[in-house]
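Proteins get letters first, then strands, A, B, ... in listed order; numbering begins at 1 in each. All values reported here derive from a predicted model rather than from experimental measurement.
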Amino acid sequence: METIKVSLKDGSVREYPVGTTIGQVAESISRGLASKALVGKFNEQIKDLSHPLMEDGQLEILTFDQEEGREVYRHSSAHILAQAVQKLFPGTRLGIGPAIENGFYYDFDCLQSFTPQDLERIEKEMAAIVKADYPFVRQEVSREEAIRIFTERGENYKVELINELPEDATISLYQQGEFLDLCAGPHVPSTGKIRALKLMSLAGAYWRGSEKNKMLQRIYGTSFANKADLDQYLFQLEEAKRRDHRKLGAELGLFTILEEGPGFPFFLPKGMILRNQLESYWRELHRRWGYQEIRTPIILRREMWEQSGHWDHYKENMYFTKIDEDDFAVKPMNCPGAILVYRTQLHSYREFPLRLAEMGLVHRHEKSGVLHGLMRVRAFTQDDAHIFCLPSQITQEIKGVIDLVDEVYRLFGFSYHVELSTRPEKSMGSPEAWEQATNALRTAMEEKGMEYKVNEGDGAFYGPKIDFHLRDSIGRTWQCGTIQLDFQMPEKFDLTYIGEDGQRHRPVMIHRVAFGSIERFIGILIEHYAGAFPTWLAPIQARVIPITERHHEYARTVGTNLAAQGFRVDIDDRSEKVGYKIREGQLAKIPYLLVVGDKEQENSLVAVRDRAKGDLGAISLTTFVAQLQAESTWNSRA
RNA sequence: GCUGAUGUGGCUCAGGGGUAGAGCAGCUCACUCGUAAUGAGCAGGUCGGGGGUUCGAAUCCCCCCAUCAGCUCCA
């Protein structure tokens, strides 16, 4: 009998008869592996366990522990979902049903709209399908055959997909029980492999993601290798909900968004303290990195927006107003203002790089459905800066901005990744200029040895950009910092500087933000810290809690003393029990609660309760002050 | 903007054609207390807005508005 050599992940090589399936190989390795096996990766291609091996090669058996295994597992879960839906709602047509980061979804075109109760019914039906343990059977068919099958079944979306498959594509179908789907595969061997399933939510989704197409109903679900992992995942979702900045923002009195101003947040006193602390840090940072601060108007003449190109490229996102008989626009970006500042003087190359920073309040018209707490608003403050420099200084300046942004994210303990966005369809300027600008950004990143992802066509209309996406403590990513290189605006506004040769030349302009939007950044910080801000940011740093009325005077002495040294402190002198005040202080996430009673009063002590560590016992007020002092500045990274 | 859901005191929620309810928070009083909720009393709502049906609408119908979950888009 002919044999083939299969090398396994551990480096061993085994011989098998030609035609041995991946599943049989798994079987021969170990019982345990065979039962966990979902699919195999043979010579870099992921295949069903039933796939027969016909040649020598490298094989890895994939289980739920590998990302690729998980994907297959959840993709199979999506098929089970589709089977259940078609059984309960005959005539429902299928869209697509892929695995996604934490689960899967399937899009359906169904006359009636699904309700949450339907989800429960579907879930039950899915359990029955799992119990029936239908095998996933693969078959390959010709294009004509595939079209005939799906046309017969009225699956117009599938027919559309088939028609768009490349000429040489293998068209495969997968069947489990009575359910048949167009699918490249692979799949787990049978429906019984899926151990823990849950349908999560219901949403509308356009066919193929385009607003122009029909909206289908999307059912999201997730599946795990066992019930415990599923429960753990559901717990994590609860945790994310607990950290929701909209909820915490209200509870902690940081900000509010009212019906009277959709997308226009109100900052409350405690939120303003946080915000002002961030701004102080920002000012110190920018002073240190050689920036000068400016502030430009919120409303400027229409003509200027025409000149900047915003009128042509950004009008649908802008707000307009009239002053007397003239048209004005509310700024959606700060760059034109910075340019006007630049033009108020004649500039020499000796001043370069000229770094003008601005906490600029911009307004953008966002579609109603996209608003989301502080994360997506219609008015926000960009921690903007515009750097005017010589072409020869570009790389150096961009590297400087990269370092500055890195410093900011490190302070808060964020990890991040960067993406490079290139020329969009709707853009200004010549392809050569774009090429040059894009290369400048590439060079800076490469010289810094940074890894980056490229987003073709995702740049701003005036130039390519580097985006910083930071990862918060629960794993969500947010776009915050961006660096954009711009050869267009200096051209449009005819910006010049006097060079070494005494002639006028065109400067290069770099736009950049580090926080991105202060509002969004605050939202991210709230979720990142779950509202328990480090001492330097905390709206109230310490609260004095007198035990009875006879300790009020000493409590006031302590409070006044701390306040006089610049700390944010208050006193809870209500006639409540200590336990009650402690509870409220903990819920307000105040870093330190200072309980004062007879003992403390007699010896100038405070009994410190740390937000996280609990009761630390009594220490002298001076010792406490030293500790608080150390944590009250951003340098401490507390 | 699109699809679906939701909207009842500051907050969390019950009620579902016949005089608006609870808990927490608030206020007052008593208690003066040692590390996550002391007790009693009081006050607080044109039930998101506007139309309609009805003898009567928080409740049924229509139109708006806002919020939530997605889609699309973005800092």
Report task. Among the candidates C31(B), A25(B), G34(B), find the nucleotide nearest to the side-chain atoms of Ser575(A). Result -> C31(B)
Query raised in the report: What's the closest nucleotide to the Ile547(A) side chain, out of U35(B), G34(B), G26(B)?
Result: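 Among the listed nucleotides, the one closest to the side chain of Ile547(A) is G34(B).
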Query raised in the report: Can you check the Leu268(A) CG to G10(B) P distance for me, whole Å?
Result: 15 Å
Requested in this report: Would you kindly give the CG-to-P distance between Asp598(A) and U32(B), to the nearest whole Å?
Outcome: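 Result: 14 Å.
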Query raised in the report: Taking protein heavy atoms under 4.0 Å as touching, what does nucleotides 68-75 of chain B look like 5' to 3' if B marks base contact, S marks sugar-phosphate-only contact and - marks none?
Result: SSBBBBBB
Query raised in the report: Within the structure shown, what part of the strands sits under 4.0 Å from Glu576(A) by heavy-atom distance: base, sugar-phosphate, or nothing?
Result: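 Base contact - Glu576(A) has a heavy atom under 4.0 Å of at least one base atom.
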Query raised in the report: Crowded around Arg295(A) CZ? As in, over 12 foreign heavy atoms under 6.0 Å?
Result: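 No.
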Query - Whole-Å P distance, C24(B) and G41(B) - result: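 So the two P atoms sit 12 Å from each other.
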Requested in this report: Identify whether NZ of Lys or CZ of Arg in Arg275(A) sits under 6.0 Å from the centre of the six-membered ring of Phe267(A) and within 45° of that ring's axis.
Outcome: yes
**Report entry** N or O in side chain of Tyr580(A) less than 4.0 angstrom from A25(B) OP1/OP2
**Finding:** yes
Check the interface with nucleotides 40-50 of chain B: list each N/O to N/O pair with the protein under 3.5 Å, or write none.
none

Query raised in the report: Going through the distances and angles, do Tyr281(A) and Gln277(A) end up as a side chain to side chain donor-acceptor pair (under 3.5 Å)?
Result: CA-CA 6 Å; Tyr281(A) 164 67; Gln277(A) 283 300 107; over 6 Å; no
